[in-house]
Amino acid sequence: MKKILITGGAGFIGSHVVRRFVNKYPNYHIYNLDALTYAGNLENIVDIEQKQNYTFIKGDIVDADFINTLFKEHQFDGVLHLAAESHVDRSITDPLSFVKTNVIGTMNLLNAAKEIWKGNYEGKRFYHISTDEVYGSLGETGLFTETTSYDPNSPYSASKASSDHFVRAYGETYGLPYVLTNCSNNYGPNHFPEKLIPLFINNIINKKSLPVYGDGKYTRDWLFVEDHAVAIDLVFHEGKNHETYNIGGFNEWQNIELVKLLCKLMDEKLGRKAGESEELITYVKDRPGHDLRYAIDASKINKELGWKPSVTFEEGLEKTIDWYLSNEIWLKNVTSRDYKKYYDNQYNM
Ligand code: NAD
Ligand code: TYD
């Protein structure tokens, strides 16, 4: 039986990846390592907690001794590394915690994998899940490809760029078998309501203002989280060693247009009159260093591995809204802890 470590599996994307691997691969034992920060939530994976091929481990990837002991004890065959500090706005107020988790935490995992594998790399793989934000910002045209130079602008993207570089460096220097993916913005169930889509869904439900940064003309490419999980599965199993794959939704939206669509769909779902939620839109002070546009050329993963998104944006958004409307308790729980303090600080309430 192969032993696979997935880090960050109580978070948004990680929980979808862990569920997929536990259910689809009974011949793997899946170890889910997560520190359960504000973004980690065991409620995200409650349906798999009793599975025979699954173990949850609470722990911090920044703690090198703990990580080394864990790797020695379990002798993992593969690592899918998703644990991270993931929110750009938090990286602006507290950049150091991004260096700790995203850079040092990744280093600790790389060192521990190198140490237990000792150059016997047959059947071993280290997979770093990263972001398209490492490429910086596009103008009105163009797409990020796998050969676009790194040019990160936020402390978040700088920390992810740095960890990507270390993963590559371990591949070049020690021969560590790695794969790396850089993906565009995800959305879907279990998304913590600090990022645009879940935050706005929560605010629409509660008839709170919708804080659009700057003029709202910033553009992102959006991918349904389950499609990302499918891509991750494929790259882990069929991606070529020492390669990067860009993953994207072929689905660019200006923030303001996306917010208007969300308002329309939510008004329909909530039985509110047309246009009611749009009245909640409030333009607020812009994010410093705000990247204008991200857009992905995902033709490499499409051509080499046959992956493409399966869900249209309208379908994905509807699934997402339905999930939030039928998971009121989840939403109430995640917005009851330190959330109010974060929200008030971030939006100067
Ligand atoms: P998330 O913030 O929802 O979850 C992160 C998880 O990591 C949480 O469960 C948290 O408890 C855990 N974690 C944080 N610090 C830890 C530490 N020191 N030790 C152990 N666990 C720790 O993030 P997400 O949106 O699910 O993103 C997962 C990964 O995918 C990240 O690496 C992120 O950079 C990358 N990514 C995210 C997106 C996106 O749109 N969300 C897009 C592309 C890439
Ligand atoms: P976000 O979901 O934080 O993802 P990222 O910054 O990683 O792309 O933000 C998506 C876009 O939405 C980005 O252009 C910033 C904008 N935004 C707002 O306008 N208001 C908000 O309250 C948030 C959280 C984001």
Side-chain angles (χ1 to χ4, degrees), residues 6-18 32-42 44-45 57-63 66-67 80-92 97-98 100-102 104-106 108-109 128-134 137 153-154 156-157 159-160 163-164 181-188 190-200 203 209-223 225 228-229 232 247-249 253-256 258-259 281-287 289-294 296 334 343 346-347:
I6 300 182
T7 70
F12 167 47
I13 302 172
S15 62
H16 291 266
V17 174
V18 164
N32 176 5
L33 169 65
D34 197 296
L36 297 179
T37 67
Y38 79 92
N41 185 351
L42 291 175
N44 289 344
I45 34 173
I57 301 161
K58 183 172 187 292
D60 189 341
I61 58 169
V62 181
D63 181 345
F66 163 73
I67 291 296
L80 286 92
H81 175 34
L82 293 100
E85 288 294 338
S86 69
H87 188 35
V88 173
D89 290 328
R90 288 184 194 254
S91 82
I92 294 168
S97 65
F98 284 67
K100 287 182 184 154
T101 288
N102 299 359
I104 300 189
T106 302
N108 287 339
L109 295 168
H128 188 227
I129 283 82
S130 191
T131 167
D132 61 353
E133 301 187 26
V134 297
S137 183
N153 292 316
S154 73
Y156 165 64
S157 54
S159 69
K160 292 296 290 189
S163 51
D164 285 2
T181 50
N182 297 92
C183 185
S184 63
N185 289 54
N186 284 217
Y187 70 98
N190 311 95
H191 207 180
F192 190 83
E194 63 185 354
K195 310 269 169 68
L196 180 72
I197 291 181
L199 186 132
F200 279 36
N203 284 13
S209 71
L210 305 176
V212 172
Y213 295 159
D215 61 5
K217 298 216 168 120
Y218 296 89
T219 299
R220 299 290 182 263
D221 170 74
W222 294 93
L223 177 67
V225 63
H228 191 189
I232 287 173
I247 305 172
W253 285 79
Q254 255 190 8
N255 292 342
I256 190 63
L258 188 163
V259 170
I281 292 174
T282 313
Y283 291 92
V284 299
K285 192 157 80 60
D286 210 348
R287 172 189 280 173
H290 199 165
D291 287 332
L292 178 68
R293 177 171 165 261
Y294 304 141
I296 283 270
V334 298
Y343 196 93
Q346 177 62 27
Y347 297 99

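The figures here come from the full heavy-atom set of this structure, side chains too, leaving out hydrogens, waters and symmetry mates. Keep in mind that this is a model prediction, so the values were computed, not measured. Both counts, for ligands and for their atoms, begin at 1 and track the order of listing.
Between Y218 and ligand 2, no pair of N/O atoms sits closer than 3.5 Å. Between G11 and ligand 1, an N or O atom pair is found at a separation short of 3.5 Å. When only interatomic distances are considered, the shortest N/O to N/O separation between T131 and ligand 1 does not fall below 3.5 Å. An N or O contact shorter than 3.5 Å links R220 to ligand 2 by distance. Where the criterion is an N or O separation shorter than 3.5 Å, residue side chain and backbone included, A35 meets it with respect to ligand 1. The distance criterion of under 3.5 Å between nitrogen or oxygen atoms is not met by H228 with respect to ligand 1. Considering backbone and side-chain N/O atoms, H290 comes within less than 3.5 Å of an N/O atom of ligand 2.
Given atom 3 (O) of ligand 1, the protein heavy atom at minimum distance is F12 N, 3.0 Å. For atom 40 (O) of ligand 1, the closest non-hydrogen atom of the protein is N186 N, 2.8 Å. The closest protein non-hydrogen atom to atom 5 (C) of ligand 1 is A84 O, 3.4 Å. The protein heavy atom nearest to atom 11 (O) of ligand 1 is D34 OD1, 2.5 Å. Counting protein heavy atoms only, atom 23 (O) of ligand 1 is closest to S86 OG, 3.3 Å. The protein heavy atom nearest to atom 20 (N) of ligand 2 is P211 O, 2.8 Å. Of the protein's heavy atoms, C183 O, 3.3 Å lies nearest to atom 43 (C) of ligand 1. With hydrogens left out, the protein atom closest to atom 24 (C) of ligand 2 is E194 O, 3.2 Å, a heavy atom. Nearest non-hydrogen protein atom to atom 6 (O) of ligand 2 is R287 NH1, 2.5 Å. At the shortest separation from atom 26 (O) of ligand 1 among protein heavy atoms lies I13 N, 2.8 Å. The shortest contact between atom 10 (C) of ligand 1 and any protein heavy atom is with T37 OG1, 3.3 Å.
Residue-ligand proximity, V212 to ligand 2, at heavy-atom distances under 4.0 Å covers atoms 19 (O). Taking every non-hydrogen atom of N255 and a distance limit under 4.0 Å, the qualifying atoms of ligand 2 come out as 11 (C), 12 (O), 13 (C), 14 (O), 16 (C). Those atoms of ligand 2 that come under 4.0 Å of a heavy atom in V88, given as number and element, are 6 (O), 7 (O). Each of the following atoms of ligand 2 lies closer than 4.0 Å to a heavy atom of H87: 3 (O).
S15 does not count as a contact of ligand 1, since none of its heavy atoms falls under 4.0 Å from the ligand. Residue contacts with ligand 2 include F200, since one or more of its heavy atoms lies under 4.0 Å from the ligand. In this structure, Y38 does not count as a contact residue of ligand 1, since none of its heavy atoms falls inside 4.0 Å of the ligand. Heavy atoms of S184 approach ligand 1 to within less than 4.0 angstrom. Contact annotation: L82 has at least one heavy atom less than 4.0 Å from an atom of ligand 1. At least one heavy atom of S130 sits less than 4.0 Å from an atom of ligand 1. In this structure, Q346 has no heavy atom closer than 4.0 Å to ligand 2.
The shortest heavy-atom contact between R220 and L292 is NH1-O, 3.7 Å. Between Y347 and E194 the shortest heavy-atom distance is OH-O, 4.4 Å. What you find for S184 and L223 is that their closest heavy atoms are OG-CB, 4.1 Å. Closest approach of L36 to N41, counting heavy atoms only: CD2-N, 4.0 Å. Residues V212 and F200 come closest through the heavy atom pair CG2-CE2, 3.9 Å. In plain terms, the two heavy atoms of I45 and G9 that are nearest each other are CD1-O, 3.6 Å.
Contacts with ligand 2 closer than 4.0 Å are made by side-chain heavy atoms of E133 only, the backbone lying farther away. Contacts between L196 and ligand 2, counted as non-hydrogen atom pairs separated by less than 4.0 Å, involve both the backbone and the side chain. The part of Y156 lying near ligand 1 is the side chain, judged by heavy-atom distances below 4.0 Å. Both the backbone and the side chain of Y213 come within 4.0 Å of ligand 2, counting heavy atoms alone. Within the 4.0 Å heavy-atom criterion, neither part of H81 lies near ligand 1. If you look at N102 next to ligand 1, there are no close heavy atoms at all, none under 4.0 Å. Under 4.0 angstrom from ligand 2, the non-hydrogen atoms of Y347 all belong to its side chain. At a 4.0 Å heavy-atom cut-off, ligand 2 touches N185 through the side chain alone.
A parallel orientation is assigned to the rings of H191 and F12, their planes being inclined by less than 30° (bins at 30° and 60°).
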Please step through salt bridge (charged side-chain N to carboxylate O under 4.0 Å, His left out) for the pair D89 and R287, ending with a clear verdict.
-> CA-CA 8 Å; D89 290 328; R287 172 189 280 173; 2.7 Å; yes
Intermediate values then yes/no, side-chain hydrogen bond (donor to acceptor under 3.5 Å, both in side chains), K195 and S86 | CA-CA 10 Å; K195 310 269 169 68; S86 69; 3.0 Å; yes
For ring-ring contact (aromatic ring centres under 6.0 Å, His included), just list the numbers for Y213 and Y283, CA-CA rounded to whole Å, side-chain angles, deciding distance to a tenth of an Å, and then say yes or no.
-> CA-CA 6 Å; Y213 295 159; Y283 291 92; over 10 Å; no
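For D34 (side chain) and A10 (main-chain N/O), a donor-acceptor pair under 3.5 Å exists by modelled atom type. Under the 3.5 Å distance criterion, the side-chain polar atoms of T37 are matched with a main-chain donor or acceptor of A39. No side-chain donor-acceptor contact under 3.5 Å links N102 to the backbone of A84. Of the possible polar contacts, none joining the D291 side chain to the R293 backbone as a donor-acceptor pair under 3.5 Å is found. Side chain of T7 to backbone of A83: a donor-acceptor contact under 3.5 angstrom is found. In this structure, S157 contributes its side chain and S154 its backbone to a donor-acceptor pair below 3.5 Å. Side-chain atoms of N44 never come within 3.5 Å of backbone atoms of S15 as a donor-acceptor pair (strictly under, hydrogens ignored).
For the 3.5 Å distance criterion, the side chains of Y156 and E85 fail to qualify, holding no donor opposite an acceptor. Inspection of the D286 and Y218 side chains reveals an N or O donor paired with an N or O acceptor under 3.5 Å. In the model, D132 has no side-chain atom that pairs as donor or acceptor with a side-chain atom of N182 under 3.5 Å.
Scanning V17, L80, I129 for the heavy atom closest to atom 30 (O) of ligand 1 points to I129. Looking at L223, T101, V134, D60, it is T101 that brings a heavy atom closest to atom 15 (N) of ligand 1.
Note that the CG atom of L199 and the CD atom of Q346 stand 9.0 Å from one another [nearest 0.5 Å].
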